[in-house]
Amino acid sequence: MPELPEVETVARGLQERLPGSTITGATVYWPRTLACPAPEEFQARITGRRVESVGRRGKYLVITLDHGYLLVHLKMSGRLFMAPADDAQDPHIRAVLDLDGGRQLRFRDARKFGRIYLVDEHEEVTAPLGPEPLADCFSLEEFRRRLGRRSGRLKSMLLNQEFLAGVGNIYSDEILFTARLNPLRRADTLTADEQVRLYQAVRSVLHRAINSSGTTLPDRNYLDAEDRAGEYRAEVYGRTGRPCLVCGTPIERTVIGGRSAHFCPHCQL
DNA sequence: CTAAAATCCTGGTGGC
DNA sequence: TGCCACCAGGATTTTA
């Protein structure tokens with residue numbers, strides 16, 4: 001499932017080739033893919049736009065146009081990539097933007113959870129998001145401030161996009177393992193030292209995951225815009241029953257807020 | 001406030 | 001081999 005490191009990898013790949021392209025048309029094969037506006041208005045407004053840059057905010061791909069923004073959320077199975085217009089299309093293509101030079105930007109999404117937004121200001125979509133965990137301005141002090149006001153479980157807190165933008169189910173588990181904190185702990189019970197560990201784990205895990213181009217699980221759920229798999233190796237996610245890489249205790253799995261949580265019962269307190 | 005459950009979806013999996 | 005029930009998961013919405 002694409003989270004911050006995977007979306008960042010896709011954004012960097014598209015940034016190599018997409019800027020400067022002019023969008024000459026659009027086809028939406030699965031109408032619900034389009035969060036806004038309605039298909040006819042989308043087609044009218046996107047045609048003739050030029051791509052200026054490709055970036056990321058939280059788990060959203062942010063494509064800056066000469067007028068407005070195209071935002072794409074990949075959700076569970078979404079992929080965004082460029083292809084020659086005469087390449088065969090697979091049945092899971094939900095939307096296609098025609099580009100100049102006989103190319104296309106294709107949105108493929110087997111599970112149909114992904115969404116595309118065309119807006120004048122990207123804040124129309126991204127306003128509710130919490131801070132970017134890797135931004136220079138995201139300080140320990142700000143993290144502590146946000147943490148102190150919460151009483152929920154750490155696992156649920158890290159998954160909350162209004163608390164912090166971009167962390168999903170894999171990296172929330174990896175961050176808590178690195179911080180040696182139990183996913184069931186309540187946020188307002190952390191000692192000062194534990195707050196520092198969590199802050200540093202958020203930054204180091206996401207940073208290392210980006211440097212490894214993200215995580216591709218054995219089912220190959222994620223590939224970047226150039227079909228490359230991520231090389232990050234999860235230490236607890238999906239390793240239920242296997243030995244903890246630090247102490248050898250079998251990794252446990254539980255459900256918190258409807259999400260699977262993997263952790264070492266010995267290392268994470 | 002937290003939190004759980006339901007919702008949207010389909011590919012993959014385990015049981016028989 | 002085939003069929004089927006079930007699960008995963010991000011975000012939102014509903015309910016307690």
Side-chain angles (χ1 to χ4, degrees), chain A residues 1-8 10-11 28-36 56-62 71-80 90-95 107-117 119 122-130 132-133 145-176 182-190 206 209 214-223 229-230 234 236-241 251-263:
Chain A
M1 329 86 230
E3 304 178 29
L4 186 154
E6 291 76 27
V7 178
E8 178 69 26
V10 172
V28 179
Y29 297 95
W30 181 256
R32 295 189 62 171
T33 294
L34 210 48
C36 66
R56 178 194 59 77
R57 173 79 172 97
K59 298 176 195 170
Y60 290 91
L61 282 160
V62 179
L71 273 64
V72 179
H73 199 307
L74 303 173
K75 291 284 181 89
M76 313 299 296
S77 58
R79 293 192 53 204
L80 196 63
D90 78 75
H92 296 124
I93 299 291
R94 308 303 180 198
F107 181 64
R108 180 189 192 277
D109 186 23
R111 295 197 187 173
K112 300 180 176 175
F113 279 132
R115 293 291 180 265
I116 296 174
Y117 308 73
V119 290
H122 71 81
E123 289 86 354
E124 293 172 41
V125 178
T126 61
L129 294 179
E132 277 298 317
R145 242 191 336 269
R146 303 178 70 84
L147 204 54
R149 296 198 227 101
R150 295 189 167 263
S151 58
R153 318 271 194 197
L154 292 180
K155 171 76 177 177
S156 304
M157 184 190 73
L158 289 174
L159 289 175
N160 185 344
Q161 302 301 298
E162 297 182 24
F163 173 73
L164 204 59
V167 177
N169 212 36
I170 296 175
Y171 295 111
S172 56
D173 282 359
E174 298 303 308
I175 287 165
L176 290 168
N182 192 292
L184 289 163
R185 279 284 293 280
R186 296 189 177 265
D188 54 9
T189 68
L190 297 192
L206 294 176
T215 303
T216 296
L217 299 173
D219 65 1
R220 307 206 34 97
N221 61 329
Y222 160 76
L223 295 173
V236 283
Y237 184 88
R239 295 194 64 247
T240 311
I251 298 300
E252 289 186 7
R253 178 188 181 277
T254 186
V255 175
I256 303 170
R259 296 284 160 256
S260 64
H262 309 73
F263 65 103

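Since we're looking at a predicted model, the values are computed, not measured. Residue numbering restarts at 1 for every chain, and letters A, B, ... go by the order of the sequence lines.
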Quick check for you: among [options], whose closest atom lies nearest to any side-chain atom of [X]?
| X | options | answer |
| --- | --- | --- |
| A/A110 | B/dT2, C/dG10, B/dG11 | B/dG11 |
| A/R111 | B/dT2, B/dG11, C/dA11 | B/dG11 |
| A/R153 | B/dC9, C/dA11, B/dA3 | B/dA3 |
| A/K59 | C/dA11, B/dC9, B/dT2 | C/dA11 |
| A/R32 | B/dA3, B/dC9, C/dG10 | B/dC9 |
| A/F113 | B/dT2, C/dG10, B/dG11 | C/dG10 |

Mind checking [X] for me? I need base, sugar-phosphate or nothing, with any heavy atom below 4.0 Å counting as a touch.
| X | answer |
| --- | --- |
| A/S77 | nothing |
| A/R259 | base |
| A/G258 | nothing |
| A/R186 | sugar-phosphate |
| A/R253 | sugar-phosphate |

Practice problem: Using heavy atoms to find the nearest nucleotide of DNA chain B for A/R150 and A/R94 separately, return the residue whose nucleotide is more 5′. | Solution: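 Checking each residue's closest nucleotide, the 5'-ward one belongs to A/R150.
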[X] [atom1] - [N] [atom2] separation (whole Å):
| X | N | atom1 | atom2 | result |
| --- | --- | --- | --- | --- |
| A/M157 | B/dC1 | CE | P | 16 Å |
| A/L74 | B/dC9 | CG | P | 17 Å |
| A/L217 | B/dG12 | CG | P | 13 Å |
| A/L159 | B/dA3 | CG | P | 12 Å |
| A/K112 | B/dT7 | NZ | C1' | 16 Å |

Exercise. Would you sort out whether A/L80 and A/L61 count as a side chain to side chain contact (heavy atoms under 4.5 Å, CB included), showing the intermediate values?
Key: CA-CA 9 Å; A/L80 196 63; A/L61 282 160; 3.8 Å; yes
Quiz item: Do the side-chain N and O atoms of A/N182 and A/K155 include a donor-acceptor pair separated by under 3.5 angstrom?
Solution: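 No, because no side-chain N or O of A/N182 sits under 3.5 Å from a partner of the opposite role on A/K155.
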Practice problem: May I ask you to check whether A/E3 and A/Y222 show a side-chain donor-acceptor distance below 3.5 Å? | Solution: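 No, no side-chain donor-acceptor pair sits under 3.5 Å.
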Quiz item: How far apart are the C-alpha atoms of A/Y171 and A/T215, what are their side-chain angles, what is the distance that settles it, and do they pass the side chain to side chain contact (heavy atoms under 4.5 Å, CB included) test?
Solution: CA-CA 9 Å; A/Y171 295 111; A/T215 303; 2.6 Å; yes
Exercise. Please determine if a side-chain N or O atom of A/H73 lies less than 4.0 Å away from the OP1 or OP2 oxygen of C/dA11.
Key: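 Checking A/H73 against C/dA11: at least one side-chain N or O falls below 4.0 Å of OP1 or OP2.
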Quiz item: When you look at A/D109 and A/K75, which way does the side chain to side chain contact (heavy atoms under 4.5 Å, CB included) test go after all the steps?
Solution: CA-CA 9 Å; A/D109 186 23; A/K75 291 284 181 89; 5.8 Å; no
